[in-house]
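Here the structure comes first, spelled out in structure tokens, and everything after it is commentary.
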There are 2 protein chains.
Amino acid sequence: MESRCENCIVRQFNSLRAMSKDELKQVSDSKTTKAVKKGEPLFEEGEKLNGVYCVRNGVSKLSKLSANGKDQIVKLATKGEVLGQRSVIAEECTNLSAIAVNDMEVCFIPKESINNTLQKNPNFTLEVLRHMAHDLKEADDVIVNMSQKTVKQRIAEAFLYLKNNFGEDDEGFLALTLSREDISNVVGTATESAIRIISEFKKKGFIHTSGKKVGIKNERKLLELVEGF
Amino acid sequence: MESRCENCIVRQFNSLRAMSKDELKQVSDSKTTKAVKKGEPLFEEGEKLNGVYCVRNGVSKLSKLSANGKDQIVKLATKGEVLGQRSVIAEECTNLSAIAVNDMEVCFIPKESINNTLQKNPNFTLEVLRHMAHDLKEADDVIVNMSQKTVKQRIAEAFLYLKNNFGEDDEGFLALTLSREDISNVVGTATESAIRIISEFKKKGFIHTSGKKVGIKNERKLLELVEGF
DNA sequence: TTAAAAATATGACATTTATCAGTTCTTTTT
DNA sequence: AAAAAGAACTGATAAATGTCATATTTTTAA
């Protein structure tokens, strides 16, 4: 397993690629690698972060607890994504919890390394800015989906999203397996409602399931549903 | 009316305050001031923007058209806010429309001035980044509200938001008057549903109205409602 | 391997929200 | 000032979603 950031492939996907050799060396020297087991938190809502987490492997859900006691999953972050950036930059406590959806391997980079580069290397700052601009656009889209689409449409969309972003395994099941509860927390609905709609999709032949695993059988039908028939 | 950015008070509220004197001079020389009447667009979803808009006066709604033909208002931007930043930075078309809610005065700043400074002045870039980090956090909160709160709670919250961010007039009405349709587009519901709930609030003595105008009578009750009794 | 716990699933029912049709009030235009 | 257009409002009803109770299956731990 390669442990120098300079040689890490993951870096190609995130803003760290805009760092100079020296800066990268410094990050590499100060970083620590950490294994996080499924279900364990990287950090929790309200914590003050002393650095950011670069995901090498596995998937993390970023969620926020609502007043009614339910978690809302705002984003699923995978290989290459950097978590905690927002709160390190704004120097605030995190507004989100990050919990491993499956076993993960992450690198923790102390905020000093980040802040230092932010102040000295405009290219890096600009790169981070571009990423954040992208995240903001995605967040706007989520807002519109949440408020204008039905639960059925949101679940159909979630399955298509999972296929496009995480792919399928050999047997044609979605590579990222989420519990029914996680699915309901992604689309913002009651777990029972999510289960019911999943059953309906199964009956209609849009998907097939095996335990928690879900496979897409009729992508076109799901797409039509999302678009509103 | 002062027309040099160097002396513009509005600048204190946004990232332009991190510009150097020279940079500000350049922005001031290249900017154009524009009056936008109530209901007119600053720009529309899908357009390619050649610069950003700095709001001097008035309020703009940032919205996105959903598949079912309804607008979702994602944000209300007022004095001091800079619009179009996200799409200029990401070099993409806007994902949102900006329409004047009341008569506005805005300055258009060509993207060259912005991009130029972004590449040369890390302080400015960092300042923009901080603002965007803040916007992203707010967007996350909106996602959670949209998916976890009832329409009633969202409307109560909207009124409190309007009071806190735009204040009240001499007679105790909310200073920013929105049509019932705009309110329903902010909270993501049918206009009739919004009207019905506004009537209910009136009956219960939480608010009072006069035409379109809404005044908050019992802030505590509204707050309790938002928190879930 | 078995018992216990947790997750998934389904039914019955309550609540919330959307839709449609129509009325009244306000604003704009003539 | 009257006519026309657009908002605001209300009622009836349908559809979507949440809640609670309970059964079944799967996973975990003893």
Side-chain angles (χ1 to χ4, degrees), chain A residues 37-40 66-72 101-103 145-158 173-174 177-204 207-215 225-226 228-229, chain B residues 37-39 66-72 101-102 145-158 173-174 177-204 207-215 225-226 228-229:
Chain A
K37 289 230 182 72
K38 176 177 172 173
E40 283 179 1
S66 73
N68 64 28
K70 273 187 191 160
D71 270 320
Q72 174 64 36
V101 171
N102 43 36
D103 291 351
N145 282 340
M146 281 297 175
S147 50
Q148 304 285 359
K149 288 189 176 153
T150 65
V151 174
K152 215 173 280 186
Q153 289 176 309
R154 269 139 57 198
I155 290 184
E157 194 161 45
F173 289 108
L174 292 172
T177 302
L178 294 177
S179 71
R180 301 293 190 256
E181 191 181 1
D182 277 344
I183 293 174
S184 74
N185 288 344
V186 166
V187 302
T189 192
T191 307
E192 296 95 323
S193 298
I195 289 174
R196 231 179 281 277
I197 288 169
I198 291 170
S199 296
E200 187 191 326
F201 284 179
K202 202 160 43 169
K203 255 181 222 140
K204 287 188 177 163
I207 61 173
H208 57 117
T209 67
S210 166
K212 282 191 212 303
K213 288 189 290 183
V214 173
L225 209 163
V226 172
F229 317 116
Chain B
K37 288 229 181 74
K38 177 176 172 173
S66 72
N68 64 28
K70 274 188 190 161
D71 270 321
Q72 174 64 38
V101 171
N102 43 36
N145 282 340
M146 282 297 174
S147 50
Q148 304 284 0
K149 288 188 177 155
T150 65
V151 174
K152 214 172 281 186
Q153 289 176 309
R154 268 138 57 198
I155 290 184
E157 195 161 43
F173 290 108
L174 293 171
T177 302
L178 295 177
S179 70
R180 301 293 191 254
E181 192 181 358
D182 277 344
I183 292 174
S184 74
N185 288 344
V186 166
V187 301
T189 192
T191 308
E192 296 95 322
S193 298
I195 290 174
R196 235 179 278 276
I197 289 169
I198 291 171
S199 297
E200 187 190 325
F201 284 179
K202 203 160 42 169
K203 255 180 223 142
K204 288 188 176 162
I207 61 173
H208 57 118
T209 67
S210 166
K212 283 190 211 304
K213 288 189 289 182
V214 173
L225 210 164
V226 172
F229 319 114

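Lettering follows sequence order; numbering is per chain, from 1. Values reported hereafter were calculated over all heavy atoms of this structure, with side chains retained and with hydrogens, waters and symmetry mates removed.
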Taking the side chain of [X] as its heavy atoms from C-beta onward, which of [options] lies nearest to it?
{"X": "S179(A)", "options": "dA9(C), dT8(C), dC9(D)", "answer": "dT8(C)"}
{"X": "R196(B)", "options": "dT10(D), dT19(D), dT17(C)", "answer": "dT10(D)"}
{"X": "R180(B)", "options": "dA18(C), dT8(C), dA8(D)", "answer": "dA8(D)"}

Output the rounded distance in Å from [atom1] ([X]) to [atom2] ([N]).
{"X": "N68(B)", "N": "dT17(C)", "atom1": "CG", "atom2": "P", "value": "16 Å"}
{"X": "L178(A)", "N": "dT8(C)", "atom1": "CG", "atom2": "P", "value": "10 Å"}
{"X": "I207(B)", "N": "dA8(D)", "atom1": "CD1", "atom2": "C1'", "value": "13 Å"}

Inset, instruction - Would you kindly say whether T209(A) and K202(A) are connected by a side-chain donor-acceptor distance under 3.5 Å? - result: yes
Legend entry - Salt-bridge present (R196(B), E200(B); N to O < 4.0 Å): no
Over all strands shown, is [X] touching base, sugar-phosphate only, or nothing at heavy-atom distances under 4.0 angstrom?
{"X": "S193(B)", "answer": "base"}
{"X": "T150(B)", "answer": "sugar-phosphate"}
{"X": "K70(B)", "answer": "sugar-phosphate"}
{"X": "T189(A)", "answer": "sugar-phosphate"}

Atom pairs and distances, side-chain donor-acceptor, residues 183-192 of chain B, under 3.5 Å, sequence neighbours left out:
unit_1  : atom_1 : unit_2  : atom_2 : d
S184(B) : OG     : E181(B) : O      : 2.7
S184(B) : OG     : T191(B) : OG1    : 3.4

Legend entry - Degree of bending in the helix from dT1(C)-dA30(D) to dT30(C)-dA1(D) once both end axes are built from five pairs, to 10°: 50°
Legend entry - Pairwise 5' ranking along DNA chain C for S199(A) and S147(A), keeping only the more 5' one: S199(A)
Legend entry - E192(A) or K212(A), whichever maps to the more 5' nucleotide of DNA chain D: E192(A)
